[in-house]
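Computation of the quantities below employed the complete heavy-atom set of this structure, encompassing side-chain atoms and omitting hydrogens, waters and symmetry-equivalent molecules.
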Amino acid sequence: MTTETADTAEAADIKAIADVVATVERTQRAKDAEGFLALFHPDALWTTAHGKVLIGFDAIAEFTRAVLPAATWDGEVTYEVAHAQFLRPDVAAVKVRQVYHSPSGDTEGAPLYVMTKQDDGRWLLHACQNTEVRAD
């Protein structure tokens, strides 16, 4: 693979990763549990901002289906890729800037998504830690 081809492939992967993060934002805003769950690898693990550890798709799905549709918030949330680092061509560590915009002021989260590229080219969430950023 030439450097130019590798650069083009990496740029395409970065865009695909950013699209997954944008879909996280869209599905969270819409309270779309099934759309959100479609982003996860079957063997995924997820740790919520409050430290709840969910191992495997079934645990993530049960939690998401119970919590997301009933979630209430005053404002909206935005997600953006702050940094993506390829650990291998098919594994990326993705640091996300998550901002909750509310009438009482903004608060932040700093999720880390380890994403894996599937044989069909899709990037999926595989190991994720959603961390609250404290202002203190």
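Linking Ile, Leu, Val, Met, Phe, Trp and Tyr whenever their side-chain heavy atoms come within less than 4.5 Å leaves W123 and L45 in two separate clusters. Under a hydrophobic clustering in which Ile, Leu, Val, Met, Phe, Trp and Tyr are joined whenever their side-chain heavy atoms come within less than 4.5 Å, directly or via other members, V99 and V77 fall into different clusters. Connection of Y100 to V21 is established within a shared hydrophobic cluster, with ILVMFWY side chains joined at heavy-atom distances below 4.5 Å, either directly or through further cluster members. The hydrophobic cluster containing L112 does not contain F86, counting ILVMFWY residues as joined when their side-chain heavy atoms lie under 4.5 angstrom apart, directly or transitively. Note: the hydrophobic cluster containing V24 also contains I14 (ILVMFWY, side chain heavy atoms under 4.5 Å, direct or indirect links).
Scored by the side-chain hydrogen bond (donor to acceptor under 3.5 Å, both in side chains) test, D90 finds R88 as partners (sequence neighbours excluded). Considering only residues two or more places apart in sequence or on other chains, T131 meets the side chain to side chain contact (heavy atoms under 4.5 Å, CB included) condition with Q129. When the ring-ring contact (aromatic ring centres under 6.0 Å, His included) test is applied to F36, the partners found at least two apart in sequence or on another chain are F40, W46.
Cluster partners of V114, using a side-chain heavy-atom cutoff of under 4.5 Å among ILVMFWY residues and allowing indirect links, are L87, V91. Residue L124 is found outside any hydrophobic cluster, as its side-chain heavy atoms come under 4.5 Å of no other Ile, Leu, Val, Met, Phe, Trp or Tyr.
Put simply, CD on Q28 and CZ on R26 are 11.0 Å apart, with the number rounded to the nearest 0.5 Å. Between the NZ atom in K15 and the CD atom in E10 there is a gap of 15.5 Å [rounded to 0.5 Å]. Note that CZ of R97 and CD of E108 are 4.0 Å apart. Values are rounded to the nearest 0.5 Å. For the atom pair D13 CG and T8 OG1, the distance stands at 11.0 Å (nearest 0.5 Å). Atom OG of S102 and atom CD of E76 lie 10.5 Å apart (nearest 0.5 Å). Residue K117 holds its NZ atom at 8.5 Å from CD1 of I17, rounded to the nearest 0.5 Å.
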| request: Start with the C-alpha distance between T78 and E25, add both sets of side-chain angles, then the distance that settles side chain to side chain contact (heavy atoms under 4.5 Å, CB included), and finish with yes or no. | output: CA-CA 6 Å; T78 57; E25 176 182 311; 3.9 Å; yes
| Given V20 and M115, is the side chain to side chain contact (heavy atoms under 4.5 Å, CB included) satisfied, shown in steps? | CA-CA 10 Å; V20 171; M115 298 175 67; 3.5 Å; yes
| Criterion side chain to side chain contact (heavy atoms under 4.5 Å, CB included) on V94 and H83, from CA distance to verdict | CA-CA 6 Å; V94 182; H83 179 76; over 6 Å; no
| Going through the distances and angles, do T116 and H126 end up as a side chain to side chain donor-acceptor pair (under 3.5 Å)? | CA-CA 6 Å; T116 53; H126 207 124; 2.9 Å; yes
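Summarising the local packing, CD of E62 is surrounded by 12 or fewer heavy atoms from other residues, nucleotides or ligands at distances under 6.0 Å. Counting non-hydrogen atoms of neighbouring residues, nucleotides and ligands closer than 6.0 angstrom, the CG atom of D120 exceeds 12 such neighbours. In this structure, K95 places its NZ atom where more than 12 heavy-atom neighbours from other residues, nucleotides or ligands lie under 6.0 Å away.
Of all the heavy atoms in P111 and N130, the pair that sits closest is CG-OD1, 3.3 Å. Nearest heavy atoms, G35 versus L39: O-CG, 3.8 Å.
For T47 (side chain) and G51 (main-chain N/O), no donor-acceptor pair under 3.5 Å exists by modelled atom type.
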Please output the side-chain donor-acceptor pairs of residues 63-71 that fall under 3.5 Å, not counting sequence neighbours, one pair per line with the distance.
unit_1, atom_1, unit_2, atom_2, d
T64, OG1, I60, O, 2.8
R65, NE, E34, OE2, 2.7
R65, NH2, E34, OE1, 3.0

